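Inspection log for the structure reproduced underneath, given as structure tokens.
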There are 2 protein chains.
Amino acid sequence: MGITTKGRATRQRIVEGAAVHLRGTEPGTLTLDDVRAITGTSKGQLFHYFPGGKEELLLAVARFEADRVLDDQQPHLGALTSWAAWRRWRDAVVARYRAQGAHCPLGSLLGQVHSTPGAAEVVSTLLGQWEGHLRRGIEAMQARDQVDPALDAGRHAAALLAGVQGGVQVLRSTGSSRHLEAALDLGIEALRPPRTREGPADP
Amino acid sequence: MGITTKGRATRQRIVEGAAVHLRGTEPGTLTLDDVRAITGTSKGQLFHYFPGGKEELLLAVARFEADRVLDDQQPHLGALTSWAAWRRWRDAVVARYRAQGAHCPLGSLLGQVHSTPGAAEVVSTLLGQWEGHLRRGIEAMQARDQVDPALDAGRHAAALLAGVQGGVQVLRSTGSSRHLEAALDLGIEALRPPRTREGPADP
DNA sequence: GCTTTCCTGGACTCGACGGTCCAGAAAATT
DNA sequence: AATTTTCTGGACCGTCGAGTCCAGGAAAGC
């Protein structure tokens, strides 16, 4: 009564293989036979590890990809304590989504495993964590007197997150990162004090 | 050699019926038999009017819905010439997407008929028109000295559009309009002159 | 070493769904 | 009224893909 090391490895191989395939094609076109072919497994194994079938597998992939989304923005996202850090984060986001072009795992998941119970939870968690990082970043800047303390960190974090999400969506549709960059730049700009737009120097 | 009035009506009935169904369910679950059932038509008619099959039908629905998106924001979106008009537009957007909750036609289309040739064009056109309205609105405000003429209208329009798109996406996922409202409010706020945050009075 | 549990492979079922076909009704055209 | 075109209904087909089943191989436990 337990799971062997070999079993764990196979399960992991399935999830990662499916994730890779999902990154290269439209979601919804993914078939279990695709997964079989890519990961070198059999139907038996698929249903052995994911008794809930395709939906359970997709949800596992969703969790896997959700983790990657924030990881790819680290270490910048976790330490937004200077204007330079914000700049690096902004560049990392643009670079990441430019690179992946038409396929945002989050977007794919949002569009695909939408109405299931656990799926909404995965998305909510991801968005919540993302926004939390941004909010704490803004608060850190406020604590350092580089951002007006009267500014509502929660609102700005929410707006910034929305801008990034929308920018990525437009990027996926049109291939241009113009909106993403505009949303990021103006969103960050809005944090700077209105009087001295350059703000205190960054060591 | 021509199309009869009856034919036109049937075609329209098919498109609208499919659109209604698409608004109430996940896209991708739509089957031709669903459309048949809803619109009271037969397979023969479906392929008579849409020889390209499901894809052509979906594309027709996409165009139909894309028109609705901007129409629903009128007349506000077409005349953003005062702060009050911006406010009305903002309220209209929030109300519209709150009401439709989990199903944004644009979002559905983005996620569904993604990779086809004409689909990208529909989305690009819609986004382009939307952004154009916003840009002209900002320029109109600049012409009236209510917005700093040095401000880059194109960039702000792009960022605002991204914020709306992302806000709607979050709304679809979490059910909360917090992000959408934050993105709209802060995006519009960013247009106001920094010195006099209240701006000239609105007659 | 023997038993029990876990792991793997693949053949098979079965339903769903897109798409085809054609015959006949309804309009339009002459 | 005859004829041609368009419209409509529905039976039919082929495929594809999710999920089942079970038999045999590998580990783990005793």
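All figures in this text were calculated on a predicted structure; none of them were measured in a lab. Order of the sequence lines sets the chain letters (A, B, ...), proteins ahead of strands, with each chain counted from 1.
Heavy atoms of A:Leu30 sit under 4.0 angstrom from primed sugar atoms or phosphate atoms, though from no base atom.
Rounded to whole angstrom, the span from the NE2 atom of B:His48 across to the P atom of C:dT20 amounts to 15 Å. Remark: C1' of D:dT15 and CG of B:Leu32 are 15 Å apart, rounded to the nearest angstrom. Spacing between atom CD of A:Glu56 and atom P of D:dA18 amounts to 15 Å, rounded to whole angstrom units. In this structure, A:Phe47 atom CZ and C:dC6 atom P are separated by 20 Å, rounded to whole Å. Computed from coordinates, the B:Ile3 CD1 to D:dT4 C1' distance equals 17 Å when rounded to whole Å. When the P atom of D:dA18 is taken as reference, atom OH of A:Tyr49 falls 20 Å away, rounded to whole Å. Atom NZ in B:Lys54 sits about 15 Å away from atom P in C:dA16, given to the nearest Å. Computed from coordinates, the A:Asp33 CG to D:dT20 C1' distance equals 14 Å when rounded to whole Å.
How far OG of A:Ser176 is from CZ of A:Arg98: 8.5 Å, rounded to the nearest 0.5 Å. Distance CD1/B:Ile14 to CD1/B:Ile38: 11.5 Å, rounded to 0.5 Å.
Between A:Trp83 and A:Trp86, the angle of the ring planes lies from 30° to 60°, which puts this pair in the tilted group.
Listed here is the closest heavy atom pair of B:Leu127 and B:Leu161: O-CD2, 3.7 Å.
Proximity of B:Thr4 to the phosphate of D:dC7: a side-chain N or O atom is located under 4.0 Å from OP1 or OP2.
The stretch residues 6-14 of chain B comes close to DNA chain D through B:Lys6, B:Gly7, B:Thr10, each having a heavy atom under 4.0 Å from the strand.
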Considering only nitrogen or oxygen atoms on both sides, find all protein atoms under 3.5 Å from nucleotides 9-12 of chain D and state each distance.
from	atom 1	to	atom 2	distance (Å)
D:dG9	OP2	B:Gln45	NE2	2.2
D:dG9	N7	B:Ser42	OG	2.8
D:dG10	O6	B:Gly44	N	3.1

Exercise. Run the numbers on B:Asp91 and B:Arg88 for salt bridge (Lys or Arg N to Asp or Glu O under 4.0 Å), then give the verdict.
Key: CA-CA 5 Å; B:Asp91 288 344; B:Arg88 282 194 299 271; over 6 Å; no

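With a 4.5 Å cut-off on side-chain heavy atoms, A:Gln74 and A:His133 count as touching. Looking only at side-chain heavy atoms (C-beta outward), A:Leu32 and A:Lys54 come within less than 4.5 Å of each other. Annotation: side chain of B:Val123 is not in contact with side chain of A:Thr174 (no heavy-atom distance under 4.5 Å).
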Contacts table for residues 151-160 of chain B: side-chain donor-acceptor under 3.5 angstrom, sequence neighbours left out:
from	atom 1	to	atom 2	distance (Å)
B:Asp152	OD1	B:Gly154	N	3.0
B:Asp152	OD1	B:Arg155	N	3.1

